[in-house]
Amino acid sequence: MRLLHSVYGDPRAAAEAVPRLTARQSAGLDPLPTEPAELAPALLRAHRAQILALPDDTRLLLLLAAADQHPVPTHAFVRAVTAAGLRTRPLEAAEVAGIAHATASGVVFRDVWTRIAAYETGSPADRRDVHRLLARVLRGDGETAGRSWHRAAGALGPSARLTAELTAAATSAHRTGRLTLARALAERAAALSPDPRRQSRLHAHAAACAWESGDTDRARRLAGALTDDALTGVLALRTGNASEAFDALLTAAVRQTAGERVSAPLSTPDSLAHLLARATEAAIYTGDLRRCREAVRMAGRLGCAAPGTLGGLAAAVEGRYEDARDLLRAAAGRCGPGGDPTLLIHAGIAALLLGDHTLAVTATVRAAASARARGATVTVAQAMEFQVYADFWTGRPRAGEAAAADALWQAYATGQDNGACHLQAALAMFAAITGDADVCRERAATVRSYALARGLGLPAALAQWALAFLDLGHGRFAAAAARLRALAGFGPGHGHRAIRHLAAPHYVEAAVRTGDTRVARAAHADYHRWASVVRSPDDLALSARCRALLAPGAEAVEHYRAALDLHAHGTRDLERARTELLFGSALRRLRHRTEARDRLHSALEAFEHFGAPHCAAQARAELRALGTPAPPARGAPDDPTGRLTAQQLVVARMAAEGATNREIAVRLALSPRTIDHHLRGVFTRLGIRSRIELVRLLGDGGPT
């Protein structure tokens, strides 16, 4: 995905680039090449040969158009042609050759590689001349950055004056969210600067802008020769070892306090707070509680308040639940629209820890919107990582799975392999909820292999929980209990305190079903203490459900009723349905047949609505034991999509749109073998034999 991004989506360039990559580049350990000549030299030579065959005046116009479009689009081609007294008729030769064609606003090239070739065929002197021409005509309001760029591109050598001009333009572009422009200007300023120290600062600025805009490989290449702890920490946080990221970010915070300069985008009045916020994210990803406490102490020594999420986690670890609640509530309350994306993500994390899924969705949606408005592409996928937690339990598994798959693609395309690992774990959980065992196990195995190598405790723990939930949904209680017991014992980089807390009600259920009530009571006691402090209706409902599972006989009934009353004020609809299933089962054993039937029917309807067929099967089994005929599974003949699991539906729709198995596998980050398995299941469930029939059912005009 990153490679396709690097070659502008051109499959010919990708095919040429793949064998040119080193083993480390192929494994994602080193950045990919960023220069066209390094990626696809043969393709570029072929395009240049086509352009060199054109008349001189045609090539000059193509050179002018190419210089006007990349890497800083300035839209000055028509004005430049007029100012130079040129004619556009020679472009007809390019149109006849299928290379480019003229429009009222400029020139449209056949593809990006043709535009690159058109620029590179010009001599250095001709390039300088067209840049100077473009600079002369860029005199309007808002064209300062473009004029500075072309003036610099037309320069013969280093210039302190042009460096200062480009630096000011880059700073302005960064402030207004034009990150790609800011990166290009800063990089060009570094090339023209006669001062080595200033060059280093400008390269750091360019690298940070490249990173924020999603150009990860360029960011890593630019940062490779620098010794900037802030930049190193941010890159490691999303692409490397999270523990190393934490150490680098704290070091940068200390340097910032001592008055040293850090990378330009972080040099803001709140840069120290941002460095600590990033360190918080590193601590969250690792699950290393020692580092949480270390960061809080460091913030105190540096004379600033620790981010609420970090302080809240540290307080919770130390058993100071009231303090943790207050710190998390303060952090969760900072979720107004248009705020800083990083702080909005922290607000979402705090809301999740408090059990407020509505606020978590609000904060993470606003974080993604704010990131898009600022051009910070890299942050959009990160916001989605935490939004999916709310999607787990609020009855939106199919929509959540589709959104997480899109975010996964974006994370891989922008080189955020750690974030992609977290999203893979989320997709494993969605597969567990919808009963897709093969996908759940494949994704969980992928996650654990990567996460354990990078010290990512959060996705590793989430993947383990997904496998346990899958076991629980299929009635494999001993296996679920064993997985959740191991999750509770995992250390930093392997497990996570927050996931252990979220999974506690499932642990209690699995332990009770296997007769281990001592462990179940201990797990419930800690969970109930937290629920009582934060007063989340969902957490209190789950605590009441745990108490019902631990209560003997008829005593459980009132606890189940209390749980459902609390669920009515919460948002975890999937857990409400599971509470009804457990309550209905308990009522059946107590021979309260009428209420048992009502509870089980309600649970069955909810599970089918959520697309959780294995949980629905449990409800049907309870109804059969009650002697009550269960309604047939969803999926009437006029609604074929109802017969498919959520993952099968995604695969089927992509296949119906014409995607090959390999293309679907790349998009969903699964193996082609798994996609083939899913399509066979789709054909079997829909009673069809070919993709043509699939198109008829799910294509234009079919059921959606």
Side-chain angles (χ1 to χ4, degrees), residues 5-10 12-13 33-138 143 145-156 166 178 180-181 183-185 187-188 191-192 215 218:
H5 182 73
S6 296
V7 298
Y8 309 102
D10 192 315
R12 299 166 301 171
T34 54
E35 296 303 319
E38 297 179 68
L39 288 162
L43 179 65
L44 198 53
R45 280 196 301 272
H47 280 59
R48 291 177 66 181
Q50 286 182 293
I51 292 168
L52 286 169
L54 297 171
D56 290 349
D57 49 0
T58 303
R59 293 204 311 272
L60 177 61
L61 289 170
L62 292 177
L63 172 60
L64 179 61
D68 182 49
Q69 293 179 24
H70 186 78
V72 178
T74 49
H75 313 290
F77 174 80
V78 174
R79 281 179 282 167
V81 166
T82 302
L86 299 174
R87 296 180 304 113
T88 58
R89 188 166 184 175
L91 286 172
E92 292 176 0
E95 188 167 357
V96 170
I99 289 174
H101 66 273
T103 69
S105 57
V107 174
V108 176
F109 286 93
R110 176 178 57 195
D111 54 40
V112 174
W113 288 88
T114 302
R115 186 195 67 208
I116 294 170
Y119 185 80
E120 293 193 351
T121 53
S123 68
D126 286 343
R127 291 183 206 170
R128 287 194 297 271
D129 285 344
V130 298
H131 281 298
R132 289 166 182 163
L133 172 59
L134 289 164
R136 286 200 304 272
V137 301
L138 286 167
E143 294 183 328
R147 181 170 64 253
S148 297
W149 166 259
H150 286 299
R151 279 166 50 80
L156 286 171
L166 287 166
R178 296 172 293 166
T180 301
L181 173 60
R183 190 273 305 164
L185 292 167
E187 201 169 350
R188 186 61 183 167
L192 292 178
D215 195 347
R218 185 177 295 275

May I have the step-by-step check of side-chain contact (heavy atoms from CB on, under 4.5 Å) for V81 and L61, ending in yes or no?
CA-CA 8 Å; V81 166; L61 289 170; 4.1 Å; yes
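- For R132 (side chain) and G154 (main-chain N/O), a donor-acceptor pair under 3.5 Å exists by modelled atom type.
- Side-chain atoms of R59 come within 3.5 Å of backbone N or O of L54 as a donor-acceptor pair.
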For H131 and Y119, run ring pair (Phe, Tyr, Trp, His ring centres under 6.0 Å): C-alpha distance rounded to whole Å, both residues' side-chain angles, the deciding distance at 0.1 Å, then the answer.
CA-CA 11 Å; H131 281 298; Y119 185 80; 5.7 Å; yes
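- Pairing each heavy atom of A117 with each of H47, the nearest pair is CB-CB, 3.6 Å.
- Between V72 and T180, the closest side-chain pair of non-hydrogen atoms is not below 4.5 Å.
- The shortest non-hydrogen separation linking R151 to A135 is CG-CB, 3.8 Å.
- Closest heavy-atom contact between V78 and A104: CG2-O, 3.7 Å.
- With values rounded to the nearest 0.5 angstrom, H150 atom NE2 is found 12.0 Å from R136 atom CZ.
- Listed by chain and residue number, nothing satisfies the salt bridge (Lys or Arg N to Asp or Glu O under 4.0 Å) test with D126 (two or more places apart in sequence, or in another chain).
- When all heavy atoms of A155 and L192 are compared, the closest pair comes out as CB-CD2, 4.3 Å.
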Begin from the C-alpha positions of L60 and V130 and carry the test side-chain contact (heavy atoms from CB on, under 4.5 Å) through to its verdict.
CA-CA 9 Å; L60 177 61; V130 298; 4.1 Å; yes
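- To the nearest 0.5 Å, atoms OG1 (T88) and CG (D57) are separated by 11.0 Å.
- Within the structure, every pair that satisfies the side chain to side chain donor-acceptor pair (under 3.5 Å) test and touches residues 62-71, not counting sequence neighbours, is listed here: D68-T74, H70-R115.
- Each of V107, T103, T82 was checked for a side-chain contact (heavy atoms from CB on, under 4.5 Å) with F77, and the lone residue meeting it is V107.
- Summarising the local packing, CZ of R89 is surrounded by 12 or fewer heavy atoms from other residues, nucleotides or ligands at distances under 6.0 Å.
- Remark: the backbone N or O of L134 is not paired with any side-chain donor or acceptor of R79 at under 3.5 angstrom.
- Between the CZ atom in R48 and the OG1 atom in T121 there is a gap of 7.0 Å [rounded to 0.5 Å].
- Taking all atoms of both residues into account, the shortest heavy-atom contact from F109 to A118 is CE2-CB, 3.8 Å.
- Remark: R147 CZ to L138 CG distance equals 7.5 Å, nearest 0.5 Å.
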For a quick test of your reading: what N or O donor-acceptor pairs under 3.5 Å do the side chains of residues 34-45 make, sequence neighbours left out?
none

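- Remark: side-chain polar atoms of W149 are not paired, donor with acceptor, to backbone N or O of P73 under 3.5 angstrom.
- In terms of heavy atoms, L185 sits closest to A145 at CD2-O, 3.9 Å.
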